[in-house]
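Working notes for the structure below.
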Amino acid sequence: MRVVRPQPLTKAAFAPFGEVLETAGAEELVINAGMATRYNDLARVDVAPDTGRPGIAIFRAKPRSLPLDVTMFERHPLASQAFHPLSGRPWLVVVASDDAGRPGEIHAFLASGDQGVNYARSVWHHPLLALEEMSDFLVVDRAGDDNLEEFRLETPVRVEI
Ligand SMILES: NC(=O)N[C@@H](O)C(=O)O
Ligand code: NI
């Protein structure tokens, strides 16, 4: 069985798949008469504005444990999808390149409790993977139908530390 080991989530490593949502490295704007800092323009929300509109949700995810055997990937051809942890716990991000319309090379990232991600439109990813305990995530994606595409691998890939 193919094994994938999670790497730390960094902007550079995740760049082929979208953006990392974090204060580190962000443009800082002092706002509200100095009472707040805006970490600005972290990611591109892309929801096919001709027909779609952005939606905001909260996902409450049950925890998974490692090693995790992964078979399911999905992508949203009409929308980016952002997840940001609200519970302050680490979580797992599993993505894949596209190989002629199916998931290709698989990458796993261990996100800290202060890091979110924005999957760019049509990026293959595993559905949300919380770790340790039930965790809430703020989600920004496309309200309504986003033409979800799913793909089941013929053989599982094992994600393990
Ligand atoms: N169903 C749903 O919106 N979840 C997935 O898109 C996901 O990436 O978790
Ligand atoms: Ni998704």
Side-chain angles (χ1 to χ4, degrees), residues 2 4-11 13-22 41-161:
R2 197 174 17 159
V4 175
R5 299 193 190 281
Q7 58 183 295
L9 179 64
T10 66
K11 290 182 180 62
F14 194 74
F17 308 104
E19 299 95 347
V20 175
L21 311 180
E22 59 185 352
D41 200 13
L42 300 178
R44 180 167 184 254
V45 179
D46 180 3
V47 291
D50 48 335
T51 58
R53 66 178 175 83
I56 296 180
I58 289 176
F59 285 20
R60 180 159 293 165
K62 294 174 183 171
R64 319 295 287 269
S65 52
L66 297 182
L68 176 71
D69 291 349
V70 163
T71 55
M72 168 64 84
F73 279 85
E74 63 170 38
R75 63 180 176 176
H76 311 284
L78 293 180
S80 58
Q81 188 174 44
F83 292 89
H84 201 77
L86 300 175
S87 303
R89 277 186 282 274
W91 60 294
L92 191 63
V93 176
V94 178
V95 291
S97 59
D98 182 56
D99 179 7
R102 54 170 291 158
E105 188 175 354
I106 296 171
H107 301 265
F109 297 92
L110 187 61
S112 77
D114 297 320
Q115 291 180 305
V117 296
N118 182 55
Y119 301 123
R121 194 195 288 207
S122 278
V123 165
W124 289 112
H125 59 280
H126 191 282
L128 179 58
L129 292 167
L131 297 174
E132 299 177 355
E133 294 177 43
M134 183 90 81
S135 302
D136 288 357
F137 293 78
L138 187 73
V139 179
V140 179
D141 55 10
R142 187 175 195 263
D145 179 27
D146 62 8
N147 278 21
L148 178 67
E149 273 184 50
E150 294 179 321
F151 191 96
R152 186 172 295 279
L153 301 179
E154 293 81 12
T155 51
V157 170
R158 176 157 294 178
V159 180
E160 66 180 14
I161 302 292

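None of these values were measured; they are calculated from a predicted model. Order of listing sets the numbers, starting from 1, for every ligand and every atom in it.
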Pairwise side-chain contact, [X] with [Y], heavy-atom cut-off 4.5 Å (strictly under):
| X | Y | value |
| --- | --- | --- |
| Leu9 | Glu22 | no |
| Glu74 | His125 | yes |
| Val20 | Thr10 | no |

Please indicate whether any nitrogen or oxygen in His125 is less than 3.5 Å from any nitrogen or oxygen in ligand 1.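 Right, the criterion is met.
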
Ligand-residue contact atoms, ligand 1 with [X], heavy atoms, under 4.0 Å:
| X | result |
| --- | --- |
| Phe83 | 7 (C), 8 (O), 9 (O) |
| Pro127 | 7 (C), 8 (O), 9 (O) |
| His76 | 6 (O) |

For [atom], what is the closest protein heavy atom, and at what distance to 0.1 Å?
| atom | answer |
| --- | --- |
| atom 6 (O) of ligand 1 | Glu74 OE2, 2.5 Å |
| atom 3 (O) of ligand 1 | Phe59 CZ, 3.5 Å |
| atom 9 (O) of ligand 1 | Leu128 N, 2.9 Å |

For the residue pair [X] and [Y], categorise the inter-ring angle as parallel (less than 30°), tilted (30 to 60°) or perpendicular (more than 60°).
| X | Y | answer |
| --- | --- | --- |
| Phe17 | His107 | tilted |
| Tyr119 | Phe14 | tilted |
| Trp91 | Phe83 | tilted |

Considering residues at least two apart in sequence or located in another chain, which fulfil the salt bridge (Lys or Arg N to Asp or Glu O under 4.0 Å) criterion with Glu105?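 With neighbours one apart ignored, the set is empty.
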
Mind listing the protein N/O/S atoms less than 2.8 Å away from the Ni ion (ligand 2)? Waters don't count.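 Listed by chain and number: Glu74 OE2, His76 NE2, Gln81 OE1, His125 NE2.
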
Does Tyr119 come within less than 4.0 angstrom of ligand 1, counting non-hydrogen atoms of the residue?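 No.
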
Answer yes or no for atom 1 (N) of ligand 1: protein heavy atom present at a distance under 4.0 Å?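 Within 4.0 Å: no protein heavy atom nearby.
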
Before giving the answer on side chain to side chain contact (heavy atoms under 4.5 Å, CB included), spell out for Arg142 and His76 the whole-Å C-alpha distance, their side-chain angles and the decisive distance to 0.1 Å. CA-CA 9 Å; Arg142 187 175 195 263; His76 311 284; over 6 Å; no

Please walk me through it: do Ile106 and Val94 pass side chain to side chain contact (heavy atoms under 4.5 Å, CB included)? CA-CA 7 Å; Ile106 296 171; Val94 178; 3.9 Å; yes

Could you point out which residue of Asp46, Asp141, Asn118 forms a side chain to side chain donor-acceptor pair (under 3.5 Å) with Gln81?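 When Asp46, Asp141, Asn118 are each tested with Gln81, the side chain to side chain donor-acceptor pair (under 3.5 Å) holds only for Asp141.
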
